[in-house]
Amino acid sequence: MKKLLATIISIVTLLFLGACSSCPKGECCFKSQPKLTKDMFYKDGKFDQDAAKQAYFDMMEKLGYPISDNLRKNMWVTDFALGDFPNVGMAGIFWAHENKNGVFGHEIILLPNQMLVEHWHVAGLGLPAKNECWQARAGKTYCFGEEGEDASKYPNVKVPESQKKFITVNKVACADAKEGNVVWLNRLEARHYQIAGPEGAVVTEYGAFHSNDNNRFTNPKVGF
């Protein structure tokens with residue numbers, strides 16, 4: 001009888017917790033994540049950067065991503081001046097950004113299902129168009145561009161309503177921390193954007209040194 005009871009307990013445990021083996025720190029997937037809403041991040045119509053930073057730090061802790069003193073001090077956040085931060089925005093830190101030898105290293109940090117807006121990079125100011133690639137360090141991100149699988153294969157990855165009319169590319173490749181794969185921009189000046197998976201994502205970007213003045217956005221209202 002004791003042996004039977006132990007077997008039943010094991011089965012129940014697997015049913016409720018086994019599916020959560022991929023959750024960081026043993027957290028259970030069936031526990032619903034708190035929904036992020038606009039009123040959490042805007043005060044009197046202004047973007048609350050402190051609240052945004054804390055949301056990213058909370059997410060990184062859940063993902064088990066180490067938050068260094070450098071990251072906590074120098075991480076920046078943006079809602080791209082669009083007023084839709086839970087759906088459209090990012091955090092970042094430049095690990096290296098110098099033009100003498102053209103070195104650039106950057107972390108892109110996205111909340112669950114958050115979108116980094118569609119954009120591309122052009123040559124200018126004596127610099128070539130930026131080349132880049134992405135490697136997820138925690139969570140996963142869907143990298144949209146001109147090459148990859150058709151977006152219809154990922155029905156749960158949704159472009160926010162506020163950005164749908166500004167989308168021009170719909171092929172996707174997934175950068176997944178569990179796989180450690182690297183997704184490359186297929187060509188210089190190709191348009192691209194990212195949408196994080198349901199756990200969020202921390203993504204290392206390797207790229208050529210560039211200037212933000214050479215960034216272009218399909219949404220004319222973007223501020224960055």
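Just so it is clear, the values below take in all heavy atoms, side chains as well, and ignore hydrogens, waters and symmetry mates. We're numbering straight along the sequence, starting at 1.
The closest side-chain heavy-atom distance from Val202 to Met60 is below 4.5 Å. Using a 4.5 Å heavy-atom threshold, the side chains of Met90 and Trp76 count as touching. Side-chain contact between Glu149 and Tyr154 is present, with at least one heavy-atom pair separated by less than 4.5 Å. Using a 4.5 Å heavy-atom cutoff, the side chains of Val77 and Phe41 are not in contact. Looking at Thr141 and Trp134, their side chains never come closer than 4.5 Å, going by heavy atoms from C-beta outward.
Under a hydrophobic clustering in which Ile, Leu, Val, Met, Phe, Trp and Tyr are joined whenever their side-chain heavy atoms come within less than 4.5 Å, directly or via other members, Ile195 and Met59 fall into different clusters. Residues Phe144 and Leu110 are members of separate hydrophobic clusters, defined by side-chain heavy-atom contacts under 4.5 angstrom among Ile, Leu, Val, Met, Phe, Trp and Tyr. When hydrophobic clusters are built by joining Ile, Leu, Val, Met, Phe, Trp and Tyr residues whose side-chain heavy atoms come closer than 4.5 Å, directly or via intermediates, Val182 is not grouped with Val172. One hydrophobic cluster, built from ILVMFWY side chains closer than 4.5 Å, holds both Leu36 and Phe47. Residues Val169 and Leu188 do not share a hydrophobic cluster, defined by chaining ILVMFWY side chains whose heavy atoms lie under 4.5 Å apart.
In this structure, Glu118 contributes its side chain and Thr168 its backbone to a donor-acceptor pair below 3.5 Å. With hydrogens and angles ignored, the 3.5 Å screen pairs no side-chain donor or acceptor of Asp176 with any backbone N or O of Asn181. Of the possible polar contacts, one joining the Asn214 side chain to the Gly124 backbone as a donor-acceptor pair under 3.5 Å is found.
Within the model, atoms CE of Met75 and CD1 of Ile109 stand 5.5 Å from one another, a figure rounded to the nearest 0.5 Å. The distance from the CZ atom of Arg191 to the CD1 atom of Ile167 is 10.5 Å, given to the nearest 0.5 Å. Here the straight-line distance linking atom CD of Gln114 with atom CG of Asn87 works out to 8.0 Å at 0.5 Å rounding. Taking CH2 from Trp120 and CD from Glu146, the interatomic distance works out to 11.5 Å, rounded to the nearest 0.5 Å. Put simply, CG on Leu127 and OG on Ser211 are 6.5 Å apart, with the number rounded to the nearest 0.5 Å. Note: Gln49 CD to Thr78 OG1 = 8.0 Å, rounded to the nearest 0.5 Å.
Under 3.5 Å, the side chains of His210 and Glu132 contain no donor-acceptor pair of N or O atoms. Side-chain atoms of Ser68 and Asn70 form no donor-acceptor pair, as typed in the model, at a separation below 3.5 Å. Between the side chains of Asp50 and Gln54, no donor-acceptor pair is found at a separation under 3.5 Å.
In this structure, Val183 and Cys143 approach most closely via the heavy-atom pair CG1-CB, 3.9 Å. Taking both residues in full, the closest heavy atoms of Ala136 and Ala175 are given as CB-O, 3.3 Å, listed atom of the first, atom of the second, then distance. The two residues Ser162 and Asp84 come nearest to each other via the heavy atoms OG-OD2, 2.8 Å. Nearest heavy atoms, Pro198 versus Pro112: O-CB, 3.2 Å. The two residues Asn186 and Ala190 have their closest heavy-atom pair at OD1-CB, 3.5 Å. Shown here for Met115 and Pro160, the closest heavy-atom pair between the two residues is SD-CD, 3.5 Å.
A distance of 6.0 Å or more separates the ring centres of Phe104 and Tyr206. Checked against a 6.0 Å centroid threshold, the rings of Phe85 and Tyr56 count as neighbours. Here the two rings, on His119 and Tyr193, have centers that are 6.0 Å apart or farther.
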Practice prompt. Could you check Ile108 against Leu116 for side-chain contact (heavy atoms from CB on, under 4.5 Å), going step by step and ending with a plain yes or no?
Written response: CA-CA 9 Å; Ile108 296 168; Leu116 189 171; 3.8 Å; yes

Discussion item. Before you tell me yes or no, could you show the steps for Trp184 and Asn131 under side-chain contact (heavy atoms from CB on, under 4.5 Å), namely the whole-Å CA-CA distance, both residues' side-chain angles and the distance that decides it to 0.1 Å?
Written reply: CA-CA 9 Å; Trp184 281 82; Asn131 196 11; 4.0 Å; yes

Practice prompt. Could you walk me through whether His106 and Ile93 pass side-chain contact (heavy atoms from CB on, under 4.5 Å), step by step?
Written response: CA-CA 6 Å; His106 177 216; Ile93 183 171; 5.7 Å; no

Item to complete: I would like to know whether Asp150 and Lys171 meet side-chain contact (heavy atoms from CB on, under 4.5 Å); could you show each step before the answer?
Response: CA-CA 5 Å; Asp150 193 270; Lys171 301 295 184 181; 3.6 Å; yes

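For Arg72, the salt bridge (charged side-chain N to carboxylate O under 4.0 Å, His left out) criterion is met by no residue, not counting sequence neighbours. Listed by chain and residue number, nothing satisfies the salt bridge (charged side-chain N to carboxylate O under 4.0 Å, His left out) test with Glu98 (two or more places apart in sequence, or in another chain).
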Pairs under 3.5 angstrom only: tabulate donor-acceptor contacts from the side chains of residues 216-224 to other protein residues two or more places apart or in another chain.
residue: Arg216; atom: NH1; partner: Asp213; partner atom: O; Å: 2.8
residue: Thr218; atom: OG1; partner: Phe166; partner atom: O; Å: 2.7
residue: Asn219; atom: OD1; partner: Lys221; partner atom: N; Å: 3.0
residue: Asn219; atom: ND2; partner: Gln163; partner atom: OE1; Å: 3.1

